[in-house]
Amino acid sequence: MAGSETKSKKAIVFVANGTEEMEATITIDVLRRAGIQVLVLSVEADSGPVTCSRNVRIVPDAILGDDSIKIATYDCVVVPGGAQGAETLSQNDQVKSILAEFHARNKVVAAICAGSLAIKSAGIQDKVPQPLSLTSHPSVRDQLENDFVYKEDRVVVDTNLVTSRGPGTTFEFALALVRLLVGEDKAREVAGPMMLNFDI
């Protein structure tokens with residue numbers, strides 16, 4: 001069946017109060033345009049909308065801890081930035097466990113902006129033989145550069161770890177995820193109608 005390959009791929013995008021809304025929504029949108037099933041997963045205790053960093057409200061699909069969600073069936077996990085949201089996600093034990101497990105299983109682990117702090121808090125860098133390369137928003141560089149090979153590229157891909165810098169790099173970030181999950185051709189197909197000002 002046409003498209004069955006892309007429909008088989010699934011991604012989780014974590015959200016919390018204070019999540020950077022552009023980084024979350026652009027990533028969710030681009031992945032869905034590529035036919036990837038996206039679960040917007042809140043770590044907040046209640047099931048209502050999360051309030052993002054600029055007061056945009058996002059209604060999550062589910063709450064972390066819902067036993068009906070089969071986390072192991074997903075292919076990718078994404079941590080957006082936003083100072084408050086990234087801090088909440090970085091400190092959440094379930095999030096840290098999922099990030100570490102996905103990376104160990106060679107699934108795609110992605111973070112953007114201050115979300116890269118969650119990669120550190122998950123201890124992924126301690127479980128690999130070579131230092132990992134990553135990037136982040138410049139404001140949190142000093143918290144990362146001693147534990148990683150820190151780069152200032154707009155998107156950094158180190159095997160199955162994908163990181164990026166901020167709201168203005170989110171399209172490139174999301175398309176890098178599409179490329180890893182469903183291929184270069186699909187990434188180009190999705191990018192074309194969006195009239196982006198860069199080549200992929």
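The chain is numbered in sequence order, starting from 1. Quantities reported herein were computed from a predicted structural model and do not represent experimental measurements.
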Taking a hydrophobic cluster as the set of Ile, Leu, Val, Met, Phe, Trp and Tyr residues connected by side-chain heavy atoms closer than 4.5 Å, whether directly or through intermediates, do [X] and [Y] fall within one such cluster?
| X | Y | answer |
| --- | --- | --- |
| Ile71 | Leu99 | yes |
| Leu132 | Val79 | yes |
| Val156 | Phe171 | no |
| Val38 | Tyr74 | no |
| Leu39 | Leu89 | yes |

For the atom pair [atom1] ([X]) and [atom2] ([Y]), what is the distance rounded to the nearest 0.5 Å?
| X | Y | atom1 | atom2 | value |
| --- | --- | --- | --- | --- |
| Leu31 | Leu181 | CG | CG | 7.0 Å |
| Gln84 | Thr19 | CD | OG1 | 8.5 Å |
| Glu189 | Arg33 | CD | CZ | 12.0 Å |
| Asn106 | Leu161 | CG | CG | 11.5 Å |
| Thr169 | Met22 | OG1 | CE | 9.5 Å |
| Arg154 | Ser164 | CZ | OG | 7.0 Å |

* Asked: Do the side-chain N and O atoms of Tyr150 and Ser133 include a donor-acceptor pair separated by under 3.5 angstrom?
  -> no

* **Electrostatic pair Lys10:Asp61 at N-O distance under 4.0 angstrom** => no

* Short N-O contact, Arg188 and Asp185, less than 4.0 angstrom -> no

* Step by step, would you call Asp75 with Lys107 a salt bridge (Lys or Arg N to Asp or Glu O under 4.0 Å)? -> CA-CA 6 Å; Asp75 307 286; Lys107 296 184 176 187; 5.7 Å; no

Within a strict 4.5 Å, meaning less than it, do heavy atoms of the [X] and [Y] side chains meet?
| X | Y | result |
| --- | --- | --- |
| Asn160 | His103 | yes |
| Val157 | Leu180 | yes |
| Gln125 | Lys120 | yes |
| Glu21 | Arg57 | no |
| Thr88 | Val95 | no |
| Val13 | Leu41 | no |
| Cys52 | Ile58 | yes |

Between [X] (side chain only) and [Y] (backbone N and O only), is there a donor and an acceptor less than 3.5 Å apart?
| X | Y | result |
| --- | --- | --- |
| Ser121 | Ala118 | yes |
| Ser97 | Asp93 | no |
| Gln37 | Ser8 | no |
| Thr163 | Leu134 | no |
| Asn17 | Thr51 | yes |
| Ser42 | Glu44 | yes |

* Option among Val43, Ile12, Val15 that satisfies the side-chain contact (heavy atoms from CB on, under 4.5 Å) test with Leu64 -> Val43

* Asked: Between Val155, Val182, Val78, which is the residue that forms a side-chain contact (heavy atoms from CB on, under 4.5 Å) with Leu177?
  -> Val78

Side-chain donor-acceptor contacts of residues 108-116 below 3.5 Å, not counting sequence neighbours, with atom names and distances?
residue : atom : partner : partner atom : Å
Ser116  : OG   : Thr135  : O            : 2.8

Where is the tightest heavy-atom contact between [X] and [Y], given as atom of each residue plus distance?
| X | Y | value |
| --- | --- | --- |
| Pro80 | Glu20 | CB-O, 4.5 Å |
| Ile63 | Pro60 | CD1-CG, 4.4 Å |
| Arg165 | Ser136 | NE-O, 3.0 Å |
| Val162 | Phe173 | O-CE1, 3.8 Å |
| Ala122 | Ala100 | O-CB, 3.9 Å |

* Asked: Would one find more than 12 heavy atoms of other residues, nucleotides or ligands at under 6.0 Å from atom CZ of Arg105?
  -> no

* **Worked check of side-chain contact (heavy atoms from CB on, under 4.5 Å) between Leu175 and Phe198** => CA-CA 12 Å; Leu175 287 166; Phe198 57 88; 4.2 Å; yes

* Structure fact -> Which of Gln143, His137, Glu145 passes side chain to side chain donor-acceptor pair (under 3.5 Å) with Arg141? Answer is Glu145

